[in-house]
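What follows is a set of notes on a single structure, which appears directly below.
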Amino acid sequence: MDDHKLLAETVVQLLQASGVRAVAVTPVSVKQILEDVLAEEPDGVLIDFSLGADVGTTTPIVSELVRQDIPTIVVTGNVDPLVHAECLEAGAAGIVSKGSSVGELLDALTKAHQGKRLVDDPRRQELLSMLRKHRSAHRRATARFEQLSPREEQVLMQICNGLSAAEIAETSYVSVATVRSQIRAILMKLDVSSQLAAVAAAHSSGWVERTRSDSSNLAMSHDPA
């Protein structure tokens with residue numbers, strides 16, 4: 001399955017031409033995907049890592065398919081080792097590049113159907129270890145932002161939006177000295193030495209995106225419409 005219909009149908013035709021019974025599943029929702037796949041009683045599944053905004057990444061689907069004893073291979077153009085590690089952690093038999101030939105896809109499907117892993121154990125352990133370290137570092141980075149008070153969070157978001165201390169003071173009806181004091185507290189809690197570093201940390205940790213999303217959801221929940 002792939003969110004690009006043309007690509008999915010092309011792969012199906014190529015596999016069918018090689019003697020494999022293949023069907024394309026339209027990625028509408030996680031629930032629908034699982035129902036459609038299980039209805040086919042497949043010997044194996046080729047699935048893209050990302051199935052568009054409505055479905056997102058496919059690791060939850062991979063986990064469920066593997067739980068149902070269906071060998072699953074992730075086909076992706078993403079070369080990020082952390083992405084590959086997430087797929088392996090979910091139980092994927094392996095990861096195959098979208099640039100692979102039909103012969104390579106058939107070989108991968110055959111090995112997966114035979115219960116073989118497409119990634120050897122040393123490389124598999126290396127990737128999973130890399131993923132664990134990444135998550136640990138992310139948790140540490142995220143924990144720093146939990147120390148911020150609600151007012152400090154507001155000031156940090158305003159800094160991320162490009163406002164100066166004077167502009168923040170004007171919009172908040174407080175003195176510039178008060179804002180600068182809040183900024184110093186933010187830098188200390190985030191363990192950074194400059195506003196630029198604080199902004200970089202806020203973006204790299206995902207704090208900015210999460211905060212904006214939470215604010216948007218809160219606003220929607222209070223919308224009388």
Decide whether [X] and [Y] are clustered together by the hydrophobic rule: side chain heavy atoms of Ile, Leu, Val, Met, Phe, Trp, Tyr closer than 4.5 Å, transitively.
X: Met1; Y: Val23; value: no
X: Leu106; Y: Val75; value: yes
X: Val12; Y: Leu109; value: no
X: Leu7; Y: Val74; value: no

Practice item. Verify whether one side chain among Ser181 and Thr178 offers a donor that lies under 3.5 Å from an acceptor in the other. Key: no
**Study point:** Option from Glu167, Gln154, Arg151 for which side-chain hydrogen bond (donor to acceptor under 3.5 Å, both in side chains) with Ser172 holds
**Key:** Arg151
Counting C-beta onward and ignoring hydrogens, is there a side-chain heavy-atom pair between [X] and [Y] closer than 4.5 Å?
X: Val155; Y: Ile186; result: yes
X: Leu51; Y: Ile61; result: yes
X: His84; Y: Phe49; result: no
X: Leu118; Y: Ile95; result: no
X: Arg117; Y: Leu88; result: no
X: Leu34; Y: Leu65; result: yes
X: Lys5; Y: Thr26; result: no

Strictly distance-based, threshold 3.5 Å: is any side-chain N or O of [X] a donor or acceptor partner for the main-chain N or O of [Y]?
X: Thr58; Y: Asp48; result: yes
X: Ser204; Y: Ala201; result: yes
X: Thr76; Y: Asn78; result: yes
X: Lys189; Y: Gln147; result: yes
X: His138; Y: Ser205; result: yes

Test: [X] and [Y] ion pair at under 4.0 Å:
X: Lys111; Y: Asp107; value: yes
X: Glu40; Y: Arg21; value: yes
X: Arg135; Y: Glu89; value: yes

Check your understanding: Where do Gln68 and Glu64 land on the side-chain hydrogen bond (donor to acceptor under 3.5 Å, both in side chains) test, with the steps shown first?
Key -> CA-CA 6 Å; Gln68 299 280 349; Glu64 180 58 25; 3.0 Å; yes
Would you say [X] has more than 12 foreign heavy atoms packed within less than 6.0 Å of its [atom1]?
X: Lys98; atom1: NZ; result: yes
X: His113; atom1: NE2; result: no
X: Arg180; atom1: CZ; result: no
X: Glu41; atom1: CD; result: no
X: Gln16; atom1: CD; result: yes

Exercise for review: Start with the C-alpha distance between Ser136 and Arg132, add both sets of side-chain angles, then the distance that settles side-chain hydrogen bond (donor to acceptor under 3.5 Å, both in side chains), and finish with yes or no.
Suggested key: CA-CA 6 Å; Ser136 178; Arg132 287 193 294 270; over 6 Å; no
Exercise for review: List the atom of Val28, the atom of Ile33, and the distance in Å for their closest heavy-atom pair.
Suggested key: N-CG1, 4.3 Å
Exercise for review: Take Leu156 and Phe145, measure what side chain to side chain contact (heavy atoms under 4.5 Å, CB included) needs, and give me the verdict at the end.
Suggested key: CA-CA 10 Å; Leu156 177 56; Phe145 290 90; 3.7 Å; yes
Check your understanding: Out of Val55, Ile47, Asp36, Asp2, which residue meets the side-chain contact (heavy atoms from CB on, under 4.5 Å) rule with Pro27?
Key -> Val55
